[in-house]
Amino acid sequence: MMRFTTFYSYQNSVNYFNNAMGRGFDLNEHISAGMANMRPSDAPAKASTAVQLQTALGRISQFEAARTGVKASLSFEETTLNGVVNNITLAKSSIVKAGNADMMSQSDRDTMAQELQSYRDTLMSLANTRDSNGNYIFSGFKSDTPAFAADGTYQGSNRCSSAEIEDGYSVALGHTGDKVFSNGSDNVFDALDQAIAALQNGNIDQSTLHNALDKAGSVMDSMLDNVATVRSDLGSTLKTIDDLSASASTNTINIQKRLSETVGNDPKAQVGMISQQNMAQYSLQASTMAFQSMNSMNLFNLLK
(Lines give C-alpha, C1' and ligand atoms only; values in the text may rest on other atoms or scores of the structure.)
Protein backbone atom coordinates (compact mmCIF):
# COMPACT_ATOMS: atom_id res chain seq x y z
CA MET A 1 0.00 0.00 0.00
CA MET A 2 2.92 2.28 0.83
CA ARG A 3 4.39 1.73 -2.61
CA PHE A 4 1.19 2.72 -4.42
CA THR A 5 0.77 5.82 -2.24
CA THR A 6 4.32 6.83 -2.98
CA PHE A 7 3.79 6.23 -6.69
CA TYR A 8 0.62 8.31 -6.59
CA SER A 9 2.46 11.15 -4.86
CA TYR A 10 5.27 10.86 -7.38
CA GLN A 11 2.82 11.05 -10.29
CA ASN A 12 1.12 14.08 -8.76
CA SER A 13 4.50 15.73 -8.42
CA VAL A 14 5.24 15.05 -12.12
CA ASN A 15 1.86 16.41 -13.20
CA TYR A 16 2.22 19.51 -11.03
CA PHE A 17 5.70 20.08 -12.41
CA ASN A 18 4.49 19.74 -16.03
CA ASN A 19 1.51 22.01 -15.43
CA ALA A 20 3.68 24.65 -13.81
CA MET A 21 6.14 24.52 -16.67
CA GLY A 22 3.34 24.71 -19.25
CA ARG A 23 1.77 27.66 -17.47
CA GLY A 24 5.14 29.40 -17.44
CA PHE A 25 5.66 28.84 -21.15
CA ASP A 26 2.13 30.08 -21.87
CA LEU A 27 2.65 33.27 -19.85
CA ASN A 28 5.99 33.92 -21.53
CA GLU A 29 4.30 33.59 -24.91
CA HIS A 30 1.55 36.03 -23.96
CA ILE A 31 4.01 38.52 -22.49
CA SER A 32 6.21 38.34 -25.60
CA ALA A 33 3.14 39.00 -27.77
CA GLY A 34 2.05 41.77 -25.42
CA MET A 35 -1.47 40.36 -25.11
CA ALA A 36 -3.22 38.60 -22.27
CA ASN A 37 -5.81 37.21 -24.69
CA MET A 38 -4.03 35.90 -27.77
CA ARG A 39 -6.53 33.24 -28.79
CA PRO A 40 -10.34 33.04 -28.74
CA SER A 41 -10.00 30.22 -26.19
CA ASP A 42 -8.28 32.61 -23.76
CA ALA A 43 -11.51 34.62 -23.40
CA PRO A 44 -14.30 33.71 -25.88
CA ALA A 45 -16.56 36.66 -25.01
CA LYS A 46 -13.71 39.15 -25.27
CA ALA A 47 -12.62 37.60 -28.57
CA SER A 48 -16.03 38.43 -30.06
CA THR A 49 -15.80 41.99 -28.75
CA ALA A 50 -12.30 42.33 -30.17
CA VAL A 51 -13.55 41.36 -33.63
CA GLN A 52 -16.30 43.99 -33.43
CA LEU A 53 -13.82 46.66 -32.35
CA GLN A 54 -11.37 45.74 -35.11
CA THR A 55 -14.21 45.93 -37.64
CA ALA A 56 -15.11 49.38 -36.34
CA LEU A 57 -11.50 50.51 -36.71
CA GLY A 58 -11.49 49.16 -40.25
CA ARG A 59 -14.59 51.16 -41.14
CA ILE A 60 -13.10 54.32 -39.65
CA SER A 61 -9.93 53.77 -41.67
CA GLN A 62 -11.95 53.17 -44.83
CA PHE A 63 -13.91 56.41 -44.46
CA GLU A 64 -10.78 58.34 -43.54
CA ALA A 65 -9.17 57.17 -46.79
CA ALA A 66 -12.28 58.31 -48.66
CA ARG A 67 -12.17 61.70 -46.94
CA THR A 68 -8.50 62.08 -47.79
CA GLY A 69 -9.23 61.42 -51.46
CA VAL A 70 -12.20 63.80 -51.56
CA LYS A 71 -10.26 66.53 -49.76
CA ALA A 72 -7.43 66.22 -52.26
CA SER A 73 -9.88 66.53 -55.18
CA LEU A 74 -11.70 69.53 -53.73
CA SER A 75 -8.45 71.24 -52.73
CA PHE A 76 -7.21 70.81 -56.30
CA GLU A 77 -10.45 72.36 -57.57
CA GLU A 78 -10.01 75.24 -55.11
CA THR A 79 -6.52 75.91 -56.45
CA THR A 80 -7.85 75.87 -60.02
CA LEU A 81 -10.62 78.29 -59.11
CA ASN A 82 -8.05 80.70 -57.71
CA GLY A 83 -6.61 80.86 -61.21
CA VAL A 84 -10.07 81.35 -62.66
CA VAL A 85 -10.76 84.30 -60.36
CA ASN A 86 -7.42 85.90 -61.18
CA ASN A 87 -7.97 85.69 -64.93
CA ILE A 88 -11.59 86.83 -64.87
CA THR A 89 -10.54 89.79 -62.72
CA LEU A 90 -7.77 90.68 -65.17
CA ALA A 91 -10.15 90.29 -68.09
CA LYS A 92 -12.66 92.59 -66.37
CA SER A 93 -9.91 95.17 -65.82
CA SER A 94 -8.97 95.06 -69.51
CA ILE A 95 -12.61 95.42 -70.51
CA VAL A 96 -12.93 98.51 -68.32
CA LYS A 97 -9.84 100.02 -69.93
CA ALA A 98 -11.21 99.15 -73.34
CA GLY A 99 -14.22 101.30 -72.46
CA ASN A 100 -12.17 104.21 -73.69
CA ALA A 101 -11.88 102.55 -77.09
CA ASP A 102 -13.35 105.54 -78.86
CA MET A 103 -10.19 107.44 -77.90
CA MET A 104 -7.90 104.58 -79.03
CA SER A 105 -6.35 103.84 -82.37
CA GLN A 106 -7.21 100.57 -84.03
CA SER A 107 -3.74 99.36 -83.15
CA ASP A 108 -4.49 100.00 -79.46
CA ARG A 109 -7.81 98.20 -79.78
CA ASP A 110 -6.05 95.22 -81.34
CA THR A 111 -3.64 95.15 -78.42
CA MET A 112 -6.59 95.12 -75.98
CA ALA A 113 -8.19 92.33 -78.00
CA GLN A 114 -4.96 90.30 -77.73
CA GLU A 115 -4.99 90.75 -73.96
CA LEU A 116 -8.55 89.47 -73.75
CA GLN A 117 -7.69 86.56 -76.04
CA SER A 118 -4.83 85.63 -73.71
CA TYR A 119 -7.17 85.59 -70.71
CA ARG A 120 -9.75 83.61 -72.66
CA ASP A 121 -7.13 81.00 -73.61
CA THR A 122 -6.02 80.68 -70.00
CA LEU A 123 -9.62 80.38 -68.79
CA MET A 124 -10.27 77.68 -71.38
CA SER A 125 -7.21 75.80 -70.14
CA LEU A 126 -8.40 76.12 -66.55
CA ALA A 127 -11.92 75.02 -67.47
CA ASN A 128 -10.45 71.89 -69.06
CA THR A 129 -8.08 71.13 -66.20
CA ARG A 130 -7.31 67.46 -65.57
CA ASP A 131 -6.47 65.85 -62.25
CA SER A 132 -3.61 63.42 -61.60
CA ASN A 133 -5.70 60.59 -63.07
CA GLY A 134 -6.33 62.46 -66.29
CA ASN A 135 -9.97 63.26 -65.50
CA TYR A 136 -11.44 66.61 -66.49
CA ILE A 137 -12.44 68.08 -63.13
CA PHE A 138 -15.28 70.28 -64.44
CA SER A 139 -16.92 67.69 -66.71
CA GLY A 140 -18.96 65.88 -64.05
CA PHE A 141 -19.75 62.28 -64.97
CA LYS A 142 -18.19 62.81 -68.41
CA SER A 143 -14.76 63.07 -66.87
CA ASP A 144 -13.07 61.70 -69.99
CA THR A 145 -14.45 64.57 -72.10
CA PRO A 146 -13.17 68.17 -72.03
CA ALA A 147 -15.67 70.36 -70.19
CA PHE A 148 -15.69 72.97 -72.97
CA ALA A 149 -15.19 72.77 -76.71
CA ALA A 150 -12.92 75.31 -78.41
CA ASP A 151 -15.91 77.51 -79.31
CA GLY A 152 -16.93 77.69 -75.62
CA THR A 153 -19.77 75.16 -75.75
CA TYR A 154 -20.18 73.20 -72.53
CA GLN A 155 -20.07 69.47 -73.26
CA GLY A 156 -19.71 67.94 -69.81
CA SER A 157 -22.39 66.43 -67.58
CA ASN A 158 -24.70 68.46 -65.37
CA ARG A 159 -24.01 66.14 -62.42
CA CYS A 160 -20.90 65.13 -60.51
CA SER A 161 -20.00 61.77 -59.03
CA SER A 162 -20.04 61.48 -55.24
CA ALA A 163 -18.24 59.62 -52.49
CA GLU A 164 -19.40 58.33 -49.10
CA ILE A 165 -17.21 59.88 -46.41
CA GLU A 166 -19.18 58.66 -43.38
CA ASP A 167 -21.99 56.18 -42.81
CA GLY A 168 -24.94 57.52 -44.81
CA TYR A 169 -23.18 60.78 -45.74
CA SER A 170 -21.93 61.45 -49.26
CA VAL A 171 -20.50 64.56 -50.92
CA ALA A 172 -20.06 65.61 -54.54
CA LEU A 173 -16.57 65.28 -55.99
CA GLY A 174 -16.43 68.80 -57.33
CA HIS A 175 -18.62 71.05 -59.51
CA THR A 176 -19.60 70.99 -63.14
CA GLY A 177 -18.27 73.61 -65.54
CA ASP A 178 -21.67 75.04 -66.38
CA LYS A 179 -22.01 76.09 -62.73
CA VAL A 180 -18.70 77.94 -62.85
CA PHE A 181 -18.29 79.37 -66.34
CA SER A 182 -21.91 79.89 -67.37
CA ASN A 183 -24.96 81.68 -66.03
CA GLY A 184 -28.11 80.89 -67.90
CA SER A 185 -27.54 81.90 -71.52
CA ASP A 186 -24.38 83.83 -70.63
CA ASN A 187 -21.01 82.17 -71.00
CA VAL A 188 -17.62 83.61 -70.12
CA PHE A 189 -16.12 82.43 -73.40
CA ASP A 190 -18.93 83.77 -75.59
CA ALA A 191 -18.79 87.14 -73.80
CA LEU A 192 -15.04 87.43 -74.31
CA ASP A 193 -15.35 86.32 -77.95
CA GLN A 194 -17.87 89.07 -78.61
CA ALA A 195 -15.73 91.71 -76.89
CA ILE A 196 -12.65 90.58 -78.83
CA ALA A 197 -14.53 90.65 -82.14
CA ALA A 198 -15.89 94.12 -81.38
CA LEU A 199 -12.42 95.49 -80.61
CA GLN A 200 -10.96 93.97 -83.76
CA ASN A 201 -13.73 95.37 -85.97
CA GLY A 202 -12.40 98.61 -87.41
CA ASN A 203 -15.78 99.51 -88.87
CA ILE A 204 -17.89 99.07 -85.71
CA ASP A 205 -19.79 102.09 -84.40
CA GLN A 206 -19.05 103.33 -80.89
CA SER A 207 -22.45 102.41 -79.51
CA THR A 208 -22.22 98.80 -80.63
CA LEU A 209 -18.65 98.56 -79.31
CA HIS A 210 -19.60 99.93 -75.91
CA ASN A 211 -22.60 97.60 -75.70
CA ALA A 212 -20.37 94.59 -76.40
CA LEU A 213 -17.84 95.69 -73.79
CA ASP A 214 -20.54 96.47 -71.19
CA LYS A 215 -22.09 93.07 -71.80
CA ALA A 216 -18.73 91.35 -71.39
CA GLY A 217 -18.02 93.25 -68.17
CA SER A 218 -21.41 92.27 -66.78
CA VAL A 219 -20.79 88.61 -67.61
CA MET A 220 -17.37 88.75 -65.90
CA ASP A 221 -19.08 90.03 -62.74
CA SER A 222 -21.63 87.24 -62.99
CA MET A 223 -18.86 84.64 -63.36
CA LEU A 224 -17.09 85.98 -60.30
CA ASP A 225 -20.36 85.53 -58.38
CA ASN A 226 -20.54 81.95 -59.67
CA VAL A 227 -17.04 81.18 -58.47
CA ALA A 228 -17.72 82.80 -55.09
CA THR A 229 -20.76 80.53 -54.64
CA VAL A 230 -18.80 77.43 -55.63
CA ARG A 231 -15.88 78.32 -53.37
CA SER A 232 -18.27 78.84 -50.46
CA ASP A 233 -19.67 75.37 -51.07
CA LEU A 234 -16.14 73.97 -51.26
CA GLY A 235 -15.23 75.62 -47.97
CA SER A 236 -18.29 74.19 -46.27
CA THR A 237 -17.57 70.68 -47.54
CA LEU A 238 -13.89 70.86 -46.61
CA LYS A 239 -14.83 71.98 -43.09
CA THR A 240 -17.24 69.07 -42.79
CA ILE A 241 -14.47 66.70 -43.87
CA ASP A 242 -12.10 68.16 -41.27
CA ASP A 243 -14.76 67.89 -38.56
CA LEU A 244 -15.49 64.26 -39.44
CA SER A 245 -11.78 63.44 -39.48
CA ALA A 246 -11.31 65.03 -36.05
CA SER A 247 -14.24 63.06 -34.68
CA ALA A 248 -12.91 59.87 -36.27
CA SER A 249 -9.52 60.47 -34.67
CA THR A 250 -11.11 60.71 -31.24
CA ASN A 251 -13.20 57.60 -31.88
CA THR A 252 -10.11 55.72 -33.05
CA ILE A 253 -8.27 56.52 -29.82
CA ASN A 254 -11.24 55.40 -27.71
CA ILE A 255 -11.76 52.19 -29.67
CA GLN A 256 -8.06 51.35 -29.64
CA LYS A 257 -8.07 51.80 -25.86
CA ARG A 258 -11.06 49.45 -25.55
CA LEU A 259 -9.38 46.98 -27.89
CA SER A 260 -6.19 47.08 -25.81
CA GLU A 261 -8.19 46.38 -22.69
CA THR A 262 -10.09 43.59 -24.44
CA VAL A 263 -7.07 41.71 -25.80
CA GLY A 264 -5.10 42.53 -22.67
CA ASN A 265 -2.23 44.63 -24.00
CA ASP A 266 -3.01 47.67 -21.85
CA PRO A 267 -0.61 48.57 -18.98
CA LYS A 268 -2.90 47.06 -16.32
CA ALA A 269 -3.03 43.72 -18.15
CA GLN A 270 0.73 43.78 -18.68
CA VAL A 271 1.34 44.25 -14.96
CA GLY A 272 -1.11 41.43 -14.24
CA MET A 273 0.67 39.04 -16.60
CA ILE A 274 4.06 39.87 -15.09
CA SER A 275 2.64 39.24 -11.61
CA GLN A 276 1.23 35.91 -12.81
CA GLN A 277 4.57 35.08 -14.38
CA ASN A 278 6.34 35.69 -11.05
CA MET A 279 3.84 33.46 -9.28
CA ALA A 280 4.28 30.82 -11.98
CA GLN A 281 8.05 30.93 -11.48
CA TYR A 282 7.66 30.45 -7.73
CA SER A 283 5.25 27.60 -8.40
CA LEU A 284 7.67 26.02 -10.85
CA GLN A 285 10.51 26.29 -8.36
CA ALA A 286 8.41 24.65 -5.68
CA SER A 287 7.27 21.84 -7.98
CA THR A 288 10.85 21.31 -9.12
CA MET A 289 12.01 20.91 -5.55
CA ALA A 290 9.16 18.52 -4.82
CA PHE A 291 9.87 16.54 -7.97
CA GLN A 292 13.57 16.29 -7.12
CA SER A 293 12.71 15.15 -3.59
CA MET A 294 10.36 12.44 -4.86
CA ASN A 295 12.83 11.38 -7.48
CA SER A 296 15.56 10.94 -4.88
CA MET A 297 13.43 8.28 -3.19
CA ASN A 298 14.06 6.07 -6.21
CA LEU A 299 10.49 5.16 -7.06
CA PHE A 300 11.51 2.13 -9.03
CA ASN A 301 13.24 0.61 -6.01
CA LEU A 302 10.12 1.15 -3.95
CA LEU A 303 8.00 -0.77 -6.47
CA LYS A 304 10.20 -3.90 -6.52
Side-chain angles (χ1 to χ4, degrees), residues 66 69-92 94-95 113-165 170-201 211-238:
V70 172
K71 186 173 183 178
S73 296
L74 298 185
S75 296
F76 182 61
E77 180 186 356
E78 171 69 15
T79 299
T80 304
L81 289 175
N82 287 337
V84 172
V85 169
N86 289 338
N87 279 273
I88 291 178
T89 301
L90 290 171
K92 174 63 185 295
S94 292
I95 291 170
Q114 290 173 4
E115 284 187 17
L116 292 180
Q117 184 64 53
S118 175
Y119 299 138
R120 184 196 188 280
D121 292 343
T122 301
L123 285 168
M124 178 62 73
S125 178
L126 290 168
N128 287 331
T129 295
R130 296 190 189 198
D131 61 20
S132 59
N133 296 317
N135 297 317
Y136 292 95
I137 67 172
F138 293 116
S139 292
F141 280 118
K142 298 181 179 180
S143 58
D144 58 345
T145 301
F148 288 88
D151 64 359
T153 302
Y154 181 66
Q155 52 192 14
S157 168
N158 60 1
R159 292 180 58 198
C160 286
S161 56
S162 61
E164 188 177 22
I165 59 174
S170 298
V171 295
L173 296 176
H175 299 81
T176 56
D178 58 336
K179 301 295 191 301
V180 179
F181 301 93
S182 302
N183 190 352
S185 60
D186 294 328
N187 175 301
V188 66
F189 303 110
D190 291 342
L192 288 175
D193 285 341
Q194 292 169 15
I196 292 168
L199 287 169
Q200 291 174 333
N201 186 352
N211 287 339
L213 293 174
D214 289 344
K215 173 67 173 179
S218 177
V219 171
M220 296 306 107
D221 288 338
S222 179
M223 295 306 105
L224 288 174
D225 289 341
N226 283 0
V227 176
T229 299
V230 169
R231 293 176 75 179
S232 176
D233 183 57
L234 279 174
S236 177
T237 301
L238 288 171

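- Taking CZ of Phe76 as the reference point, atom CG of Asp131 lies at 6.5 Å (rounded to 0.5 Å).
- Taking CG of Leu173 as the reference point, atom CZ of Phe141 lies at 9.0 Å (rounded to 0.5 Å).
- Of the inter-residue distances, the one linking Ile196 atom CD1 with Gln117 atom CD reads 4.0 Å to the nearest 0.5 angstrom.
- Under a 3.5 Å cut-off, the side chain of Asn86 and the backbone N or O of Asn82 do form a donor-acceptor pair.
- For the pair Leu238/Lys71, a side-chain contact is recorded, criterion being any heavy-atom separation below 4.5 Å from C-beta on.
- Within the 4.5 Å cutoff, the side chain of Lys215 has heavy atoms near those of the Asp186 side chain.
- Here the closest non-hydrogen pair linking Val70 and Ala163 is CG2-CB, 3.7 Å.
- Side-chain contact, Gln194 with Asp190: no donor N or O sits under 3.5 Å from an acceptor N or O.
- Panel note: side chain Asn187, backbone Gly152; a donor-acceptor pair is recorded below 3.5 Å.
- Residues Pro146 and Asn128 share a closest heavy-atom pair of C-OD1, 3.5 Å.
- Remark: side-chain polar atoms of Ser222 are not paired, donor with acceptor, to backbone N or O of Ser218 under 3.5 angstrom.
- Across all non-hydrogen atoms, the minimal contact from Met124 to Ala149 is CE-O, 3.2 Å.
- Leu116 is listed as a side-chain neighbour of Ile95, based on a closest heavy-atom distance under 4.5 Å.
- What you find for Ala127 and Ala147 is that their closest heavy atoms are O-CB, 3.5 Å.
- Rounding to the nearest 0.5 Å places OG of Ser139 at 12.0 Å from CG of Asn158.
- Separating the CZ atom in Arg231 from the CD atom in Glu77 is a distance of 10.5 Å, to the nearest 0.5 Å.
- The closest donor-acceptor contact from the side chain of Asp151 to the backbone of Thr153 lies under 3.5 Å.
- Leu213 and Ala195 get closest at one heavy-atom pair: CD2-CB, 4.1 Å.
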(message) What verdict does the side-chain contact (heavy atoms from CB on, under 4.5 Å) test give for Thr122 and Leu90, after you've listed the backbone C-alpha separation in whole Å, the side-chain angles of each residue and the deciding distance to 0.1 Å?
(response) CA-CA 11 Å; Thr122 301; Leu90 290 171; over 6 Å; no
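- In this structure, Asp225 and Asn183 have side chains that are not in contact, with every pair of non-hydrogen atoms separated by 4.5 Å or more.
- Using a 30° and 60° split on the angle between ring planes, Phe189 and Phe181 fall in the parallel class, below 30°.
- Test Asn226, Asp233, Thr229 against His175 for side chain to side chain donor-acceptor pair (under 3.5 Å) and you get one pass: Asp233.
- Shown here for Met220 and Ala91, the closest heavy-atom pair between the two residues is SD-CB, 4.2 Å.
- How far CG of Leu123 is from CG of Leu192: 6.5 Å, rounded to the nearest 0.5 Å.
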